Amino acid sequence: MRTSQFPLNTVKETPADAEIISHQLMIRAGLIRKLAAGLYNWLPLGLRVLRKVEQVVREEMERAGALEVLMPSVQPAELWQDSGRWDIFGPELCRFKDRHQRDFCLGPTHEEIITDLVRNEIKSYKQIPLTYYQIQSKFRDEIRPRFGVMRAREFLMKDAYSFHMTQDSLNETYETMYGAYSRIFERLGLEFRAVLADTGAIGGSLSHEFHVLADSGEDAIAFSDQSDYAANVEMAEAKAIPVTQDPEVPLSTVETPGQHSIEEVSAFLSIPPEKIVKTLIVKGSAGGVVALLLRGDHALNPVKASKIEAVASPLEFASEAEVLEAAQCAPGSVGPRGLEIPIIADLSVGSLTNFTCGANHNGRHFQGVNFGRDLPLPEMKDLRLVTEGDVSPDGQGSLRIARGIEVGHIFQLGTKYSEAMGATVLNEEGKNQVLTMGCYGIGVSRVVAAAIEQNHDDKGIIWPAALAPFEVALTPINMATSEALEKTATRLYEAMKQAGLEVLFDDRKARPGVMFADMELVGIPHRIVISDRLLETGRAEYKGRKDQEAIEIAIDEVVPFLLTRRG
RNA sequence: CCGCGUUUAGCGCAGUCUGGUAGCGCAUCUGCUUUGGGAGCAGAGGGUCGGGGGUUCGAAUCCCUCAACGCGGACCA
């Protein structure tokens, strides 16, 4: 491609509304343009990158035995009413009526459609197991789209759905998909982790998220420094902390006027936060309130808390009035001793001795508190968010916390949709049997942004080989004034194309600085410079996008050299 | 959805407080010059000042209203 026929649309200035680096660079490099909040045009350069992702995804889906289909992005309401999700989905489901006043929506996902397709087309166990996939635009009317295509309202997604007669068969395909996903992100050159995920409201038994590691990621993930264990922090199990056997000290009461938060009490009494018990009052599942105890330096994990039977789901904190009623004091002075509501303690609280806690009296705390002696040992559960340095749940190594961008999610759906929508086939006994399902998503457009978050410098994007819109930038200097140079450049350009290299030939009448800056911003992995000066020695200059220094090579060696360098 | 903020040329912004009919930088186009890291000179084009209503002799500027966009929160494969 020649730049005279493939405009680059780069911009020097950083757009005011782009916060994260990938968004800024995608605008500046001319990959995307915003149409409205959460809606983007993909320019030719950006689309080439998107297609690269699609290509890798398609190849690996085919290898995994999945078959490509294409389903409409507009979907009839009846199917969503079938599954029950028409009423459950909130305003992020974009609904509208057609000219006949029939209800439709823009598909945020395609479980209903694929289940309908399969229940109509697949009649026999002999056609099972079966996996369909598609690459299609989704629309979710996000409350607050942000970060460019990272969290857009319309985005491109690969979604796959598998259908099975048995759980074993589902497990097998799930494993295959897990492997396919790992291959995809490896081939794309991304540093990623597969992590155990919360199955959440969707249900099902097993779920993994695939995260690209990046500081700007919206999710926190925990992983062991010595084993394969990795989980979303919401899911990561916190182990009990061994008992420290200090000799018991007597219980005492201390005045702490105006000291409410753990930090305040800690500073006021000169006690480390890990020796203070934090008492949180939350709403109970059967009305009333429940007290949750945590070590002062630990944070509550709302996902774990809301899974406890006695605690209301979703988790909701008690109002100040409810706290006053339960403890006769304000939230900053609540403690478990003498509290007459259900109490659940985090595992790490149970091993504390001589701790400090609120005395259920405004401006007053207890010190030297011990379970067994001063109050009964409460029911204990895993309640807290894991922190850096915690023991890994598998017992191997300690946990580290990193931020990640969720680019893929696989989970075992079970019979949630097939049951609700009557997706059955005849089994070997000639009886109707409900299909078991799995589903597997990849945020294709999000992968592009995630790749940039992980691969950039102050000059611009540094594409991994598999994603680069072009492999080579051919930049002749002052070609307009040198016929000899133009001849050589054209010859090289044709030779590169012959060799199957994707080359962007900068034939603009631009100054060298402009060409270099553009090619670096756009992130093309390899650059070949030729000039009259170099021509005299029969050499060209090569520089990789990540290289500090350029090297000179014979012009005749350029194509073979590039072929050895390509990823 | 709540709170705060923004909206003036393709992009980034000034002008608004104190009303007098719009400006800067970049980008674009033309010409000259220059040519190994986003050049220089000269010239040109481009704006219903987010929409509507009001006050005023006169509104980008003051008032009312609607909208879009952004940030924080809550929410969310």
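Model, not experiment: these values are computed from the prediction.
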Point to revise | Side-chain donor-acceptor pair present, Q167(A), N171(A), cut-off under 3.5 Å | key: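 Yes, side-chain donor-acceptor contact under 3.5 Å.
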Gap between atoms [atom1] and [atom2], on [X] and [N] respectively (whole Å):
X: D506(A); N: G38(B); atom1: CG; atom2: C1'; result: 13 Å
X: H23(A); N: C11(B); atom1: NE2; atom2: C1'; result: 14 Å
X: D17(A); N: U6(B); atom1: CG; atom2: C1'; result: 11 Å
X: L534(A); N: G36(B); atom1: CG; atom2: P; result: 12 Å
X: R153(A); N: C76(B); atom1: CZ; atom2: P; result: 19 Å
X: F139(A); N: A77(B); atom1: CZ; atom2: P; result: 17 Å
X: E209(A); N: A77(B); atom1: CD; atom2: C1'; result: 8 Å
X: R508(A); N: A27(B); atom1: CZ; atom2: P; result: 13 Å

Side chain of [X] - closest among [options]:
X: F516(A); options: C69(B), A74(B), G36(B); answer: G36(B)
X: E19(A); options: C13(B), G72(B), G38(B); answer: G72(B)
X: K459(A); options: C26(B), G36(B), G37(B); answer: G37(B)
X: A16(A); options: C13(B), G73(B), G37(B); answer: C13(B)

Exercise for review: Step through it carefully: locate the ring centre of F505(A), locate the ring centre of Y493(A), and say whether they are under 6.0 Å apart.
Suggested key: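 Close enough - the centres of the two rings lie under 6.0 Å apart.
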Check whether any side-chain heavy atom of [X] sits under 4.5 Å from a side-chain heavy atom of [Y], and report yes or no.
X: L106(A); Y: D141(A); answer: no
X: V444(A); Y: F155(A); answer: no
X: T415(A); Y: M437(A); answer: no
X: E218(A); Y: R151(A); answer: yes

Could you tell me whether [X] contacts a base, only the sugar-phosphate backbone, or nothing, with contacts defined as non-hydrogen atoms closer than 4.0 Å?
X: M157(A); value: base
X: G90(A); value: nothing
X: D518(A); value: base
X: F210(A); value: nothing

So what's [N] paired with, Watson-Crick or G-U wobble, going by both distances under 3.5 Å?
N: A77(B); answer: none
N: U18(B); answer: none
N: C11(B); answer: G25(B)
N: G70(B); answer: C4(B)
N: A42(B); answer: U30(B)
N: C49(B); answer: none

Exercise for review: Run the numbers on I477(A) and V529(A) for side chain to side chain contact (heavy atoms under 4.5 Å, CB included), then give the verdict.
Suggested key: CA-CA 7 Å; I477(A) 292 172; V529(A) 177; 3.6 Å; yes
Review point. Quick one: on RNA chain B, does I143(A) or V11(A) contact a more 5' nucleotide (nearest heavy atom)?
Key: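 Residue closer to the 5' terminus by nearest nucleotide: I143(A).
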Check your understanding: Of E142(A) and P512(A), whose nearest nucleotide on RNA chain B comes first from the 5' end?
Key ->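 The answer here is P512(A).
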**Study point:** ring-ring contact (aromatic ring centres under 6.0 Å, His included) between Y417(A) and F163(A), worked out
**Key:** CA-CA 11 Å; Y417(A) 297 94; F163(A) 297 86; over 10 Å; no
Same-atom distance ([atom1]) from [N] to [M], integer angstrom:
N: G50(B); M: G3(B); atom1: C1'; answer: 22 Å
N: U8(B); M: C2(B); atom1: P; answer: 25 Å
N: A42(B); M: U34(B); atom1: C1'; answer: 15 Å
N: U18(B); M: G12(B); atom1: C1'; answer: 27 Å
N: G46(B); M: A9(B); atom1: C1'; answer: 6 Å
N: C69(B); M: G25(B); atom1: P; answer: 32 Å
N: C57(B); M: G5(B); atom1: C1'; answer: 35 Å
N: C49(B); M: G10(B); atom1: P; answer: 13 Å

Kindly list each side-chain donor-acceptor pair under 3.5 angstrom involving residues 15-34 of chain A, sequence neighbours excluded, with atom names and distances?
unit_1	atom_1	unit_2	atom_2	d
D17(A)	OD2	K34(A)	NZ	3.0
S22(A)	OG	E453(A)	OE2	2.7
H23(A)	ND1	G148(A)	N	3.4
Q24(A)	NE2	A18(A)	O	3.1
Q24(A)	NE2	E19(A)	O	3.4
R28(A)	NH1	V11(A)	O	3.3
R28(A)	NH1	K12(A)	O	3.1
R33(A)	NH1	I27(A)	O	2.7
R33(A)	NH2	N9(A)	O	2.8

Exercise for review: Tell me, yes or no, whether the heavy-atom count around E483(A) atom CD, taken from other residues, nucleotides or ligands under 6.0 Å, exceeds 12.
Suggested key: no
Practice item. Give me the ring orientation class for F561(A) and Y542(A): parallel if the planes are under 30° apart, tilted from 30 to 60°, perpendicular past 60°. Key: perpendicular
Check your understanding: Under 6.0 Å from the six-membered ring centre of W42(A) and within 45° of its axis: does the NZ or CZ of R48(A) meet both?
Key ->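 No; the conditions do not both hold, so R48(A) does not lie above the ring face of W42(A).
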Review point. Which letter, B, S or -, goes with each nucleotide of nucleotides 39-45 of chain B from 5' to 3', with contact meaning a protein heavy atom under 4.0 Å?
Key: B------
**Study point:** Sorted by number, the residues of residues 24-49 of chain A with heavy-atom contact under 4.0 Å to RNA chain B
**Key:** K34(A), A37(A)
Confirm from the modelled atom types if [X] and [N] form a donor-acceptor pair under 3.5 Å, side chain to base only.
X: R144(A); N: A74(B); result: no
X: R146(A); N: G73(B); result: no
X: E520(A); N: G37(B); result: yes

Exercise for review: Begin from the C-alpha positions of Y174(A) and H208(A) and carry the test side chain to side chain donor-acceptor pair (under 3.5 Å) through to its verdict.
Suggested key: CA-CA 10 Å; Y174(A) 189 85; H208(A) 284 88; 2.8 Å; yes
